[in-house]
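For reference, the structure is listed below as structure tokens.
What you see below is based on every heavy atom in this structure, not just the backbone, and it leaves out hydrogens, waters and symmetry mates. So that the names make sense, note that chain A is the first sequence line, chain B the second, and so on, each numbered from 1.
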2 protein chains.
Amino acid sequence: MRKPISDRADALPALAEVFRQHGYEGASLSLIGAATGLGKGSLYNFFPGGKEEMAEAVLAEIEAWFEERVFAPLREGGDVTAMFAAVEAYFRSGRRVCLVGALALADSRDRFAARVRRYFAEWVDALAAALAARGREPAAAREAAEDIVAGVQGALVLARALDEPAAFGRAVARLKARAA
Amino acid sequence: MRKPISDRADALPALAEVFRQHGYEGASLSLIGAATGLGKGSLYNFFPGGKEEMAEAVLAEIEAWFEERVFAPLREGGDVTAMFAAVEAYFRSGRRVCLVGALALADSRDRFAARVRRYFAEWVDALAAALAARGREPAAAREAAEDIVAGVQGALVLARALDEPAAFGRAVARLKARAA
DNA sequence: GTCTATACAGTGATAGAC
DNA sequence: GTCTATCACTGTATAGAC
């Protein structure tokens, strides 16, 4: 809520945070209004499709962020270390949850199934390509990529469940070593 | 719903399935009524505390199941292979989601925070004890235990997200090899 | 464009008939 | 004990004033 909100894009960070903290069903329009500082009038002006369109916009932004900062560098440069740095920063060292992962498990999972699947498929594909470029057999690279992506998601679950963000950092260190 | 429902315990499996599929907020009393075949009268007769008491009962049953079939064997016999077999069966080879993990990420996470934390803490502790009994250094055993528990949870997220249950089986195979 | 009012459905929960 | 009817409330979404 730091910057004045004059269009959809300005509202997305606050929106994303509400969905992350409360899930899709739990993110009521009152919570959304409070978090963004926008009334229902403005919200429906920006997002005529209502809450579903808000969530879609948030997911699209997340996907774009990862595409630019994680997937593309992985595919092009094969830079796995940079991925771990980006991921650790993005998830705030385990204090932030992965909205896409949460949506995959939760209530409204079929509503966003296509987007969720694409996000994870792209992540695994890009990481497998990077590992293959570093000399692994294609099949082994793909297994390792699945292992690492699942490891990140599981570490987020565990860190949140134990209320111990440091568990995420430990997991990332292990995964980094395994990827090297 | 196979057996006639005459007390709380009979309703728990159907209840658990509803919470797993729709999350806590998404599991409305109408869904719960349809899944259990019970009217609101019966439900509130069995669970005077309403939905929250239903979820608590489900979580307690899950915890008891894992305590008996997973945690205790790990602590006593150190049988890691049996854990993987139990886990693979319980999560239906990746077609079933972990309710405790889902609650850790989702909306109503603080409501069940204590139970969620205990479930994962016991799992990690028991597994670490088993790995230590198999000769690992205590610190390494604990790291490996965290790695494996997180790996299971992450594999469930990934399998569900990709809509590819087989990804769970592949992950379990990798984790099993890593534990050996 | 943004707010205030409100419509309408659906929620969890309760009361009372049987 | 179980169902039906109903409660008060909150949800999303819309309409209309400004």
Do the side chains of [X] and [Y] get close enough for a salt bridge, i.e. N-O under 4.0 angstrom?
| X | Y | answer |
| --- | --- | --- |
| A:Arg8 | A:Glu61 | no |
| A:Glu67 | A:Arg75 | yes |
| B:Glu137 | B:Arg142 | no |

Give one of base, sugar-phosphate or nothing for B:Phe47, where a contact means two heavy atoms less than 4.0 Å apart.
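No contact at all - B:Phe47 keeps every heavy atom at 4.0 Å or more from the nucleic acid.
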To the nearest angstrom, how far is [X] atom [atom1] from [N] atom [atom2]?
| X | N | atom1 | atom2 | result |
| --- | --- | --- | --- | --- |
| A:Leu29 | D:dG11 | CG | C1' | 8 Å |
| B:Lys51 | D:dT10 | NZ | P | 15 Å |
| A:Leu43 | D:dA13 | CG | C1' | 12 Å |
| A:Ile32 | D:dG11 | CD1 | P | 11 Å |
| A:Asn45 | D:dA13 | CG | C1' | 14 Å |

DNA chain C base-pair string [pairs: Watson-Crick or G-U under 3.5 Å; |: paired with another strand]
||||.|||||||||||||
Under the side-chain hydrogen bond (donor to acceptor under 3.5 Å, both in side chains) definition, can you give me all pairs with a residue in residues 145-155 of chain B, not counting sequence neighbours?
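Every side-chain hydrogen bond (donor to acceptor under 3.5 Å, both in side chains) pair that includes a residue of residues 145-155 of chain B, provided the two are not neighbours, is A:Arg170-B:Glu146, A:Arg174-B:Asp147, A:Arg178-B:Asp147, B:Asp147-B:Arg178.
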Write down the protein N/O and nucleotide N/O pairs, taken from nucleotides 5-8 of chain D, whose separation is under 3.5 Å; answer none if there are no such pairs.
none

Listing, residues 78-87 of chain B side-chain donor-acceptor contacts under 3.5 Å, not counting sequence neighbours, or none:
from    : atom 1 : to      : atom 2 : distance (Å)
B:Asp79 : OD1    : B:Thr81 : N      : 3.3
B:Asp79 : OD1    : B:Ala82 : N      : 3.1

A:Ile32 side chain near A:Leu29 side chain, heavy-atom distance below 4.5 Å:
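Answer yes - side chains close enough.
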Is the base of C:dA9 syn or anti, if syn means a glycosidic angle within 90° of 0?
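Anti conformation here, the glycosidic angle of C:dA9 being more than 90° from 0.
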Going by the angle between their ring planes, with limits at 30° and 60°, are B:Trp123 and B:Phe120 parallel, tilted or perpendicular?
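B:Trp123 vs B:Phe120 ring planes: parallel.
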Can you give me the first and the last nucleotide of DNA chain C (5' to 3') that has an atom within less than 4.0 angstrom of a non-hydrogen atom in chain A?
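The contact span of chain A on DNA chain C goes from C:dG1 to C:dC3.
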Suppose the criterion is salt bridge (charged side-chain N to carboxylate O under 4.0 Å, His left out): which pairs have a residue in residues 15-44 of chain B, not counting sequence neighbours?
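Salt bridge (charged side-chain N to carboxylate O under 4.0 Å, His left out) check on residues 15-44 of chain B returns B:Glu17-B:Arg20, B:Glu17-B:Arg96.
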